[in-house]
Number of protein chains: 2
Amino acid sequence: MHKDFVHIYNLIQELSWHFGAHGINGECCGDLSLVEYMALKRINDAENITVQEVGHALNFTKSGASKIIDRLENKGYVKREISSIDGRVCCVNTTAKGAETALEIVQRYSNYVSEMLKAQDAAMVENVKTVLEILVDSAHRQENLLKGKFPQGGGGMSVFSMDK
Amino acid sequence: MHKDFVHIYNLIQELSWHFGAHGINGECCGDLSLVEYMALKRINDAENITVQEVGHALNFTKSGASKIIDRLENKGYVKREISSIDGRVCCVNTTAKGAETALEIVQRYSNYVSEMLKAQDAAMVENVKTVLEILVDSAHRQENLLKGKFPQGGGGMSVFSMDK
DNA sequence: AAATTTTAGTTTCCGTCATCAACCATTATA
DNA sequence: TATAATGGTTGATGACGGAAACTAAAATTT
């Protein structure tokens with residue numbers, strides 16, 4: 001049983017690498033880096049998200065998040081606006097171009113995935129979906145659990161904090 | 001059906017992000033970055049792998065690969081040796097310390113995965129394994145297909161090369 | 001209401017890192 | 001033997017993210 005988990009982990013790691021920053025031919029999403037794309041996605045999904053929320057969602061510091069949004073803004077994909085409620089807060093939203101680009105990238109990757117799975121029948125595709133939902137869900141749960149254990153943020157919060 | 005693939009893609013991307021460089025609390029593997037760890041893993045799995053092979057396996061240039069191996073060597077995890085057959089070639093291998101460290105990291109991540117999936121019964125764990133095998137396998141197949149299409153390496157090899 | 005503290009965000013400085021191009025050494029080819 | 005090709009390294013460069021200092025705008029204290 002333990003060996004199974006090693007194997008499963010290795011598979012996850014390999015899949016992650018494939019879809020990570022260096023994965024598919026070293027490129028990601030046109031003129032966007034992976035992190036920029038992930039940020040764009042979050043901003044597109046949310047409404048009036050703040051700079052820090054973006055950073056938090058992607059495990060970046062607020063300074064890092066600010067710079068990612070800088071880059072996205074310079075490329076014309078997002079727009080900052082000062083909140084009408086709180087003058088300190090930035091409301092970040094995608095521009096039309098940004099939303100379109102995000103959609104386009106999702107589309108193309110989805111095609112890629114569709115090509116990947118075209119040999120599978122409908123039942124297996126459904127099964128793949130189910131399994132991935134379980135994995136993503138439990139990954140989030142596990143992460144929150146870790147964060148709950150070390151609520152101070154910063155020190156000592158690594159995979160290595162787990163039981164040996 | 002198409003919508004399914006969008007969903008599946010989004011799940012894969014999210015899982016990948018979680019296990020990527022910024023994923024779990026922004027940390028990866030102690031004193032190793034994700035790429036260093038991935039390189040160490042490859043070197044550990046192979047025998048007498050060359051610098052360029054490492055680069056190729058991880059989608060890095062040879063100069064990038066050389067520097068990653070530099071870092072691993074400085075940390076005492078791998079060792080270069082000149083090939084006895086071809087004086088230009090470097091045979092890279094893990095040191096005892098490197099092999100041990102790689103194993104340790106795999107172990108800890110595997111524990112993490114095991115924690116993630118502890119609510120699932122044995123059949124589902126088996127199913128997860130099967131699905132991941134299919135995904136990893138088809139991802140490799142798809143990648144090779146792309147590389148076959150654009151064998152010159154370098155220009156035009158992106159996800160965007162696919163049919164729109 | 002004035003003073004202080006807290007909070008959101010930006011900016012400067014810095015270290016890390018991957019690529020490109022030039023380069024060195026060795027092997028293969030002419 | 002001369003030339004080309006190949007494996008690997010090095011130096012310059014640019015992208016990038018974090019820490020800390022800083023600005024401006026609430027929130028809190030007195």
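Chain letters run A, B, ... following the sequence lines, proteins first and then strands; every chain starts at 1.
When DNA chain C is scanned 5' to 3' for any atom under 4.0 Å from a heavy atom of chain B, the first and last hits are C:dC17 to C:dT27.
Rounded to an integer number of Å, the gap from B:Glu81 CD to D:dG8 P is 14 Å. Rounded to an integer number of Å, the gap from B:Phe60 CZ to D:dT9 P is 16 Å. Here the P atom of nucleotide D:dG17 and the CG atom of B:Leu34 are 15 Å apart, to the nearest Å. Spacing between atom CZ of B:Arg80 and atom P of D:dG7 amounts to 16 Å, rounded to whole angstrom units. Rounded to whole Å, atom C1' of D:dC16 lies 11 Å from atom NZ of A:Lys75. Taking atom CG on A:Leu32 and atom P on D:dC16, their separation rounds to 10 Å, with Å as the unit. One can place CE of A:Met38 at 18 Å from C1' of D:dC16, the figure rounded to the nearest angstrom.
For B:Arg80, the side chain to side chain donor-acceptor pair (under 3.5 Å) criterion is met by B:Asp70, B:Glu73, not counting sequence neighbours. Under the salt bridge (charged side-chain N to carboxylate O under 4.0 Å, His left out) criterion, A:Lys97 pairs with no residue, sequence neighbours left out. Applying the salt bridge (charged side-chain N to carboxylate O under 4.0 Å, His left out) criterion to B:Asp45, with sequence neighbours excluded, gives no partner residue. B:Lys75 is linked by a side chain to side chain donor-acceptor pair (under 3.5 Å) to B:Glu36, counting only residues two or more places apart in sequence or in another chain. In this view, B:Thr101 satisfies the side chain to side chain donor-acceptor pair (under 3.5 Å) rule with no residue, not counting sequence neighbours. Looking at residues two or more places apart in sequence or on another chain, you find no side chain to side chain donor-acceptor pair (under 3.5 Å) involving B:Lys79. Taking B:Glu81 as the reference, nothing meets the salt bridge (charged side-chain N to carboxylate O under 4.0 Å, His left out) condition, with sequence neighbours excluded.
Contacts between residues 44-55 of chain B and DNA chain C, counted as heavy-atom distances below 4.0 Å, involve no residue at all. Residues from residues 63-70 of chain A placing a heavy atom under 4.0 Å of any atom in DNA chain C, listed by number, are A:Ser63, A:Ser66, A:Lys67.
To the nearest 0.5 Å, atom CG of residue B:Leu117 and atom OH of residue B:Tyr112 are 11.0 Å apart. Between A:His18 atom NE2 and B:Ser16 atom OG the span is 9.0 Å, to the nearest 0.5 Å.
Mapping B:Lys62 and A:Glu36 onto DNA chain D by nearest heavy atom places B:Lys62 at the nucleotide closer to the 5' end.
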Output a table of nitrogen or oxygen pairs between the protein and nucleotides 25-27 of chain D separated by less than 3.5 Å.
from, atom 1, to, atom 2, distance (Å)
D:dA25, O3', A:Gly87, N, 3.4
D:dA26, OP1, A:Gly87, N, 2.8

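When only modelled atom types and interatomic distance are considered, B:Tyr77 and B:Asp31 share a side-chain donor-acceptor pair under 3.5 Å.
Ionic pairing of A:Glu133 and A:Lys129 is not present here: no N-O contact between side-chain nitrogen and carboxylate oxygen is shorter than 4.0 angstrom.
Applying the salt bridge (Lys or Arg N to Asp or Glu O under 4.0 Å) definition to pairs two or more places apart or across chains, none involves residues 8-24 of chain B.
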Checking side-chain contact (heavy atoms from CB on, under 4.5 Å) for the pair A:Leu72/A:Thr94: CA distance, chi angles, key distance, verdict?
-> CA-CA 9 Å; A:Leu72 288 174; A:Thr94 49; over 6 Å; no
